[in-house]
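Along the sequence shown, residues carry numbers from 1. Computed from a predicted model, the values in this text were never measured in an experiment.
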Amino acid sequence: MEVSKKLLNSVPGCVDDALRGLISCSPGLRVLQGHRVVLRADLERIKGQVALLSGGGSGHEPAHAGYVGPGMLTGAIAGPVFTSPPVGSIVAAIRAVAYAGAAGVLLIVKNYTGDRLNFGLALERARREGVDVEMAVIGDDCAFTSPRKAGRRGICGTVLIHKIAGALAEQGKHLQEIFQIVTEAAARIGTLGVSLSPCSVPGSRPTFQLAVDELEIGLGIHGEAGVRRDKMMSSDQIVKIMIDHMTDPVSQSRVNVKSGDSVILVVNNLGGLSCLELQIVADSAVRCLEGKGLQIERAMLGSFMTALEMSGVSLTIMKSSEELLKLYDYETAAPAWPPVPRIPVTGQTRIFPCVPESTQPKELVPDVKRVQVYRHILENICKTLLSLEEELNELDRAAGDGDCGSTHARAAQAIRDWISSGEIPSHSARFLTTLSHVLLEKMGGSSGAVRTHYLGNIICHVLSGFCHLETGTIICGSDLNPSRLVSHLQQAVRRCM
């Protein structure tokens, strides 16, 4: 298998280039000379406050450097892609914040062996230098019902800990109090991911393989094996499986929630999922959680902790409380933290009613025979359009985006739905007006209006062969042979291209 394409300057320099890019566009950040350490530009403001440092291997952007700023982290230490940062850089970051006057340092570390070792060694060195340091290890992965010897992996839930700890530090809480609160908060968080495709470290082949019709549940953010592989399924189906797994009462890694509890939801793009798919997953997750009787207090949707270009998504659920919600809502200037509305998700009206259209009076006595002619012709038109979907798409790919056939297929389905509603008027003017509204509403696309015009002309042309549209009078002896209609329509639709 070939090495995946990446938009880089060089493989060895990709992390340094990425950090420079973030800092160049974020005036509130600085890099520590000689190290891959990002710090707040206003470091003097932390005097007397607890400093918060986090970090880990790169490739999870915007984590962790994107969460540096007032109200979140004081600094972040970046290692090579998917590799823990060196002890020397972690110690340098601790020294920098201690020199700025920090009243203690809290290291927030994801539960991975390399991170725990390197941050742990740095902690010991800093303590020998007289710095008051604690380390909170975060493990929020719900994949394994019986956690392995190393414990639960630290993944996207760590971002919520950054936020809670940051608010506490801004409020002037002391180190031990912050450490205790974030440790308790971490126990209320669970995360589970699903992937549709692997990721690849720059300069290397993909980290694992998935068949085109497969997905994997419970994998880690470096491509570590998950708990199961399944065939592709709908968003609703996979989200239900994920949330059922995360809240399974027999699982030791579960999020301990029940009906009536309040939660914070994070729908996290693992890197390569389209925004369209992410929003569909978010809808599935909200409906699934609310269906279980949970009150969603806040919801975040976006890329918060990624795995390079992995096409996948993770769901994070945090059992909320009044105090945690206040900390979550606390103001921050970290560049990667989104502007989350401070209002509950559950209980809000999600539909704004349309202004009703002015309606024409219904026909008192519809002409049944004329409606039958309209219905017969429209059925054959729909059948023809659906049969030409792939051919028209292929023709459109030569000059456009390849959706002409799909656009006409949507129109055909809309017409069929209209026919099934039994609301076809027999008066010709009303019939054509209503038909035009159906087509304009459902065809869509950048050229939908043009195609609607052409398709409307085709339909009118076909209808005119069987009835006088001005008067609605049916032409006696008209040939309603379907094959004649189909042949005529095929030629006419192709001419529209």
Side-chain angles (χ1 to χ4, degrees), residues 1-2 4-5 7 195-198 206 209-215 231-238 271-281 309-312 374-420 432 434-466 479-497:
M1 182 171 291
E2 295 182 356
S4 300
K5 293 186 289 186
L7 197 57
S195 175
L196 312 183
S197 71
Q209 295 299 316
L210 270 176
V212 292
D213 62 344
E214 281 187 327
L215 52 79
K231 295 297 183 182
M232 282 297 300
M233 59 186 79
S234 71
S235 172
D236 283 351
Q237 290 172 318
I238 188 59
L273 203 69
S274 70
C275 292
L276 176 76
E277 294 165 281
L278 192 69
Q279 290 174 193
I280 292 169
V281 171
E309 81 279 28
M310 183 183 289
S311 178
Y374 294 162
R375 181 188 297 271
H376 180 80
I377 294 172
L378 290 176
E379 283 285 4
N380 281 279
I381 288 172
C382 293
K383 182 178 179 181
T384 302
L385 291 175
L386 291 170
S387 70
L388 291 172
E389 180 175 0
E390 287 306 316
E391 180 182 343
L392 293 176
N393 279 340
E394 186 61 33
L395 288 170
D396 193 30
R397 287 185 189 104
D401 53 6
D403 70 339
C404 179
S406 300
T407 301
H408 283 81
R410 284 198 302 273
Q413 189 56 54
I415 293 172
R416 281 185 166 177
D417 292 343
W418 180 46
I419 293 171
S420 299
L432 293 175
T434 307
L435 177 60
S436 68
H437 289 167
V438 170
L439 296 178
L440 285 168
E441 181 68 24
K442 298 297 182 181
M443 285 190 77
S446 59
S447 56
V450 176
R451 289 172 183 163
T452 298
H453 173 73
Y454 280 122
L455 185 55
N457 283 342
I458 291 168
I459 294 172
C460 288
H461 182 67
V462 173
L463 286 168
S464 66
F466 302 98
D479 180 13
L480 295 177
N481 188 300
S483 62
R484 175 189 165 206
L485 281 170
V486 169
S487 175
H488 179 76
L489 280 163
Q490 286 176 337
Q491 295 176 26
V493 171
R494 290 190 185 101
R495 282 198 298 270
C496 284
M497 294 299 298

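Of the inter-residue distances, the one linking T384 atom OG1 with E379 atom CD reads 11.0 Å to the nearest 0.5 angstrom. In this structure, the separation between CZ on R375 and CD1 on I419 is 6.5 Å, given to the nearest 0.5 Å. The structure places OG1 of T407 at 4.5 Å from CZ of R410, a figure rounded to the nearest 0.5 Å. Rounding to the nearest 0.5 Å places NE2 of H408 at 9.5 Å from CG of L388. Atom CG of residue L392 and atom CZ of residue R397 lie 10.5 Å apart, to the nearest 0.5 angstrom. Note: I415 CD1 to I381 CD1 = 6.5 Å, rounded to the nearest 0.5 Å.
Using a 4.5 Å cut-off on side-chain heavy atoms (C-beta onward), W418 and L378 make contact. Looking at V212 and M232, their side chains never come closer than 4.5 Å, going by heavy atoms from C-beta outward. Counting only heavy atoms from C-beta outward, the side chains of Q413 and R416 approach each other to under 4.5 Å.
Minimum heavy-atom separation, D213 to K231: OD2-NZ, 2.9 Å. In terms of heavy atoms, A414 sits closest to V438 at CB-CG1, 3.8 Å.
Evaluation of the salt bridge (Lys or Arg N to Asp or Glu O under 4.0 Å) rule for E390 yields no partner, not counting sequence neighbours. With sequence neighbours excluded, the residues satisfying side chain to side chain contact (heavy atoms under 4.5 Å, CB included) with S274 are L276, E277. K5 meets the salt bridge (Lys or Arg N to Asp or Glu O under 4.0 Å) test with no other residue; sequence neighbours excluded.
Listed for the N393 side chain is a donor-acceptor partner under 3.5 Å among the backbone atoms of G405. In terms of modelled atom types and a separation under 3.5 Å, the side chain of S311 and the main chain of S197 share no donor-acceptor contact.
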Q: Run the numbers on L210 and L196 for side-chain contact (heavy atoms from CB on, under 4.5 Å), then give the verdict.
A: CA-CA 7 Å; L210 270 176; L196 312 183; 5.7 Å; no

